[in-house]
Amino acid sequence: NMKTPFEQYIEGVGTVPSWGLSPALDLMEGISEDDCGPDAHIAVVGECDCRHVLRTVAKGFAHPDRNTTFYLVESQPEVLARQLLMLHIAFDNSLGIREATELSLELLGNLFLSSKAYDYLASAGKQLVDLVSDFKGPLSDHIDFDWLKFKEKDELEAVFKTWASKTPADMSEYFDRRLRRYYEDR
């Protein structure tokens, strides 16, 4: 039973996106206060990672009088969870700039984590569970889950609990299986 090239591609690559393909943009660049007033509301749909949000926040000094609200919309809870993890790292005052950068890159792009990143992921998972369930934690002043349904909150919490539990995963086996499905018999 031969699969179409598209079916083969989807089985190999997967359906949960890992990161976007465009450079990070300042979403407020070129928008004047006359365009949107003192409060800017930006919907970020299907971004896969929070590069545009982080870039816009980092460039916030260019628009100090403006309050910017982002609405992150993702179809999979794992993708939104990963965005929240990246924001958690960005707002973690206990990390230095270099440490936060290295941690972000490792958690975003590596299949195999160092013990330090693994421990940080477990700790962040616990804090993010508290954020979703009790609105407590370092991001509680910056994140609002009122737009999420209870089911979506539960799905996010399940992802964070998986991270917090330090559930072992044989990533070599998962990666091998995925490649075998992608390449099939040749």
Side-chain angles (χ1 to χ4, degrees), residues 13-31 33 35-95 97 100-110 113 117 120-164:
V13 174
T15 57
V16 178
S18 298
W19 50 74
L21 301 174
S22 67
L25 303 172
D26 177 1
L27 299 175
M28 292 302 296
E29 186 176 332
I31 298 175
E33 196 169 316
D35 293 331
C36 64
D39 295 329
H41 297 269
I42 301 172
V44 184
V45 181
E47 180 186 24
C48 307
D49 59 56
C50 56
R51 67 192 181 285
H52 301 312
V53 173
L54 289 173
R55 174 77 179 235
T56 304
V57 170
K59 295 278 190 166
F61 65 87
H63 350 278
D65 302 338
R66 187 162 308 151
N67 294 320
T68 307
T69 303
F70 296 96
Y71 300 92
L72 302 177
V73 181
E74 294 294 347
S75 58
Q76 289 108 348
E78 297 85 0
V79 176
L80 184 57
R82 189 175 52 237
Q83 289 190 33
L84 291 170
L85 174 64
M86 292 298 122
L87 290 171
H88 178 81
I89 293 169
F91 284 94
D92 188 342
N93 294 329
S94 70
L95 299 173
I97 292 174
T101 302
E102 290 173 357
L103 199 54
S104 296
L105 290 172
E106 182 171 357
L107 289 170
L108 185 62
N110 281 357
L113 299 179
Y120 186 89
L121 180 63
S123 171
K126 291 175 187 170
Q127 291 178 32
L128 290 167
V129 166
D130 291 341
L131 178 67
V132 172
S133 58
D134 301 325
F135 308 110
K136 295 177 184 173
L139 290 177
S140 61
D141 293 337
H142 306 286
I143 305 287
D144 181 7
F145 293 106
D146 287 345
W147 290 84
L148 291 179
K149 298 175 185 169
F150 287 109
K151 178 183 177 187
E152 294 166 329
K153 290 178 190 177
D154 291 343
E155 291 170 343
L156 264 181
E157 190 174 332
V159 173
F160 297 141
K161 284 181 177 178
T162 301
W163 295 349

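Below, all heavy atoms of this structure are taken into account, side chains as well, without hydrogens, waters or symmetry copies.
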> Are R55 and P23 close enough that some pair of their side-chain heavy atoms sits under 4.5 Å apart?
no
> To the nearest 0.5 Å, what is the distance between CZ (F135) and CD1 (I143)?
11.5 Å
> For residues 71-95, dump all side-chain donor-acceptor pairs below 3.5 Å to protein atoms at least two apart in sequence or in another chain.
residue : atom : partner : partner atom : Å
Y71     : OH   : H41     : ND1          : 3.0
E74     : OE2  : E47     : N            : 3.0
E74     : OE2  : C48     : N            : 3.0
E74     : OE2  : Q83     : NE2          : 2.6
Q76     : NE2  : T15     : O            : 3.1
R82     : NH2  : P17     : O            : 2.7
R82     : NH2  : S18     : O            : 3.0
R82     : NH2  : C48     : O            : 3.3
H88     : NE2  : Q127    : OE1          : 3.4
D92     : OD1  : S94     : N            : 3.0
D92     : OD1  : S94     : OG           : 2.6
D92     : OD2  : Y120    : OH           : 2.7

> For residues 146-163, tabulate all N or O donor-acceptor pairs below 3.5 Å that involve a side-chain atom, not counting sequence neighbours.
residue : atom : partner : partner atom : Å
E152    : OE1  : K149    : N            : 2.7
E157    : OE2  : K161    : NZ           : 3.1
T162    : OG1  : A158    : O            : 2.9

> So which atom in G125 and which in A164 form the shortest heavy-atom distance, rounded to 0.1 Å?
C-CB, 3.9 Å
> Where do V44 and L27 land on the side chain to side chain contact (heavy atoms under 4.5 Å, CB included) test, with the steps shown first?
CA-CA 10 Å; V44 184; L27 299 175; 4.0 Å; yes
> Does L131 reach the side chain of S140, with side-chain heavy atoms less than 4.5 Å apart?
yes
> What distance do I42 atom CD1 and T56 atom OG1 have between them, rounded to the nearest 0.5 Å?
5.5 Å
> In the structure I gave you, are the side-chain heavy atoms of D39 and T69 within less than 4.5 Å of one another anywhere?
no
